[in-house]
Structures are given as structure tokens and as C-alpha cells.
Student: 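First, the structure itself, so that you have it in front of you.
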Amino acid sequence: MNCKVLAVLSCIGIVVCSKSETYKNRHHLRDDLMYKYEKDVMPDSIDGNAVNVSIGVDLLRIIDMDNQILTLDTVITEIWQADNLKWRPGHVGGLEEIRLPSDLIWKPDLALADGAGKTVFIKSEDTNVIINSSGFVSWYPPVKTKTFCSYGELQNGDEIECHLTLYSWTHSTSTLDLKLQADEMDTSNLDVDFNPHWKLVSTHADVKHKVYSCCPESYAQASFTFRLRYVA
Ligand SMILES: *[C@@H]1O[C@H](CO)[C@@H](O)[C@H](O)[C@H]1NC(C)=O
Ligand SMILES: *[C@@H]1O[C@H](CO)[C@@H](O)[C@H](O)[C@H]1NC(C)=O
């Protein structure tokens with residue numbers, strides 16, 4: 001047998017071998033990442049500045065409107081980079097990504113204001129996060145949101161505007177900042193036939209940095225605004 005054939009055979013050997021070891025590699029990686037990991041402690045960002053949390057709202061269904069309270073089915077998408085969740089893929093059989101239960105890791109303390117004075121915390125512990133080797137964590141918790149929309153007597157064809165606002169409950173922008181994944185909501189998965197009375201007209205999103213009278217720091221607020229048309 002010449003060397004070339006041997007090289008090819010050993011190549012195949014390595015491929016087959018590493019395939020059968022993916023469970024082992026994932027296990028090894030999970031153990032490495034979680035070694036002395038403390039989920040109550042916020043990670044450092046990669047560059048020593050604030051952790052940027054990139055957020056989006058994926059609108060799935062307009063469920064109903066009851067007494068100016070609108071219920072929506074959404075998926076909130078959050079992506080951030082954590083300095084303590086990076087690894088070298090070569091050390092774990094080339095693994096570039098791992099999925100882990102979201103309750104194992106630190107997550108931003110994002111709250112959702114419904115416009116009627118009620119606050120809901122985003123904390124779907126049942127969903128996995130996807131972590132890649134650069135330390136990017138992607139989390140897609142499904143959230144049923146309640147939103148206050150102000151309107152008076154409705155006529156067929158009237159348009160109303162509603163807002164969803166997301167912000168960190170405790171972090172100022174010196175430690176956590178919000179970025180938008182897009183300047184509108186993601187409506188590509190919207191079930192447009194679900195609600196016969198409310199049709200989506202348009203959406204837009206922006207981030208504001210607010211300063212409150214209590215404190216000198218600024219706080220990031222991401223607002224998702226959308227217009228709906230009433231169909232009698
Ligand atoms: C967060 O975003 C700002 C720009 O707004 C950038 O200067 C900073 O480097 C980003 N931080 C990380 C860790 O990517
Ligand atoms: C990790 O995910 C981020 C954000 O989606 C992406 O920009 C980056 O290229 C990914 N890195 C690797 C090594 O896959």
C-alpha cells in the first residue's frame with residue numbers, strides 16, 4: 001500500500017472517528033464551558049465595553065383586541081456575545097456550535113412594557129440557546145405579549161398605532177446596550193389570515209437612550225411600533 005492510499009484511509013478514519021465522537025465532544029465542550037461558570041454573574045463583553053444585545057420582535061399572530069388590550073404571539077430574538085462562552089473548535093473535534101438549555105447561562109434581564117403600566121419579564125426557561133465558538137449566544141423565547149393601544153370609536157378602515165417597548169430592568173448603557181436587528185419588526189412569519197378584524201399596515205423600530213432624573217447614566221429602550229387597520 002502506498003502512502004497516498006494510507007493517507008486517504010487515515011483521513012476517512014479520522015472523519016468516521018470524529019463523527020462517532022460528537023456526543024463526547026459536545027459533552028466535553030459543555031463541561032468546559034460550564035466549569036466554574038456562574039450564571040448569576042454578567043459576562044464581560046469581548047472588547048471591555050458594554051454587552052450589546054441585538055434584539056428583534058418576530059410577529060407570528062395578532063390574537064385579539066379586548067378593551068384596547070392587544071394580545072400578540074411573538075418570538076423575541078436576542079443575540080449577544082459573552083467573553084466566557086468562547087472556545088477553540090479544534091479542541092472539541094471541530095464543533096462550531098452547541099445548544100444548551102437557556103437556564104444554564106446568564107441572560108439579559110429584559111423587560112417588556114405594555115404601555116398600560118404593566119411590565120413583563122422575558123424569561124422562557126424552557127427554550128435552548130445556541131452558542132457559537134465566538135461566544136455569540138442566540139436566544140429565541142416565545143412570548144405572548146399584551147399591549148395597550150389607545151383608540152376611540154372604531155369605524156371600518158380606521159388605523160391605530162401600538163407600541164412594544166423592551167429595556168433592561170437594571171443595566172444602564174455603561175454595561176448593557178440594545179441594538180436592533182432591523183429597523184422594523186420581522187413579519188415574514190405572520191399568519192395574516194388568523195385575525196379577520198385586525199390587519200397589519202406597517203411597523204418600525206428604534207432605540208432611544210433615556211436619562212432619568214434619578215441618575216446620570218442613560219438607559220437603552222427599544223421601541224417597536226406598529227399600525228393596524230380595523231376591518232369591521
Ligand atoms: C457595542 O457597540 C458599540 C457601538 O455602538 C461598539 O463600539 C462596541 O465595540 C460594541 N461592543 C461589542 C462587545 O461588540
Ligand atoms: C457566531 O455568530 C455571530 C452572530 O450570528 C456571527 O457573526 C459569527 O460569524 C459566528 N461565528 C462563528 C465562528 O460561527
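In listed order, ligands and their atoms are each counted from 1. The first residue of the sequence shown is numbered 1, and numbering continues consecutively from there.
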Student: Taking NZ, NE, NH1 and NH2 as the nitrogens, is one of them in E97 or R99 under 4.0 Å from a carboxylate oxygen of the other?
Tutor: yes
Student: Going by distance alone, is a donor N or O of one side chain under 3.5 Å from an acceptor N or O of the other, for S218 and T173?
Tutor: yes
Student: Please check if atom NZ in K199 has more than 12 non-hydrogen atoms from other residues, nucleotides or ligands closer than 6.0 Å.
Tutor: yes
Student: Would you call the rings of Y151 and W198 parallel, tilted or perpendicular, where under 30° means parallel and over 60° means perpendicular?
Tutor: tilted
Student: Treating S138 as the side-chain partner and I79 as the backbone partner, does any N or O pair qualify as donor plus acceptor under 3.5 Å?
Tutor: no
Student: Under 4.0 Å from a heavy atom of K179: give me the atoms of ligand 1 that qualify, with their elements.
Tutor: 2 (O), 3 (C), 4 (C), 5 (O)
Student: If you count the atoms of ligand 1 from 1 in the order shown, which ones are under 4.0 Å from a heavy atom of N52?
Tutor: 1 (C), 2 (O), 3 (C), 8 (C), 10 (C), 11 (N), 12 (C), 14 (O)
Student: Anything under 3.5 Å between an N or O on ligand 2 and a protein N or O? List each pair with its distance, or write none.
Tutor:
{"residue": "ligand 2", "atom": "2 (O)", "partner": "N132", "partner atom": "ND2", "Å": "2.3"}
{"residue": "ligand 2", "atom": "11 (N)", "partner": "N132", "partner atom": "ND2", "Å": "3.0"}
{"residue": "ligand 2", "atom": "11 (N)", "partner": "S134", "partner atom": "OG", "Å": "3.1"}
{"residue": "ligand 2", "atom": "14 (O)", "partner": "N132", "partner atom": "ND2", "Å": "3.3"}

Student: Hey, are R30 and D32 close enough for a salt bridge, meaning a charged N less than 4.0 Å from a carboxylate O?
Tutor: no
Student: If you count the atoms of ligand 1 from 1 in the order shown, which ones are under 4.0 Å from a heavy atom of D47?
Tutor: 8 (C), 9 (O), 10 (C), 11 (N), 12 (C), 13 (C)
Student: Evaluate S45 for polar contact with ligand 1, using N/O atom pairs at a separation under 3.5 Å.
Tutor: no
Student: Answer yes if the side chains of T77 and Q181 hold a donor-acceptor pair under 3.5 Å, and no otherwise.
Tutor: yes
Student: Are Y167 and Y219 close enough that their ring centres sit under 6.0 Å apart?
Tutor: no
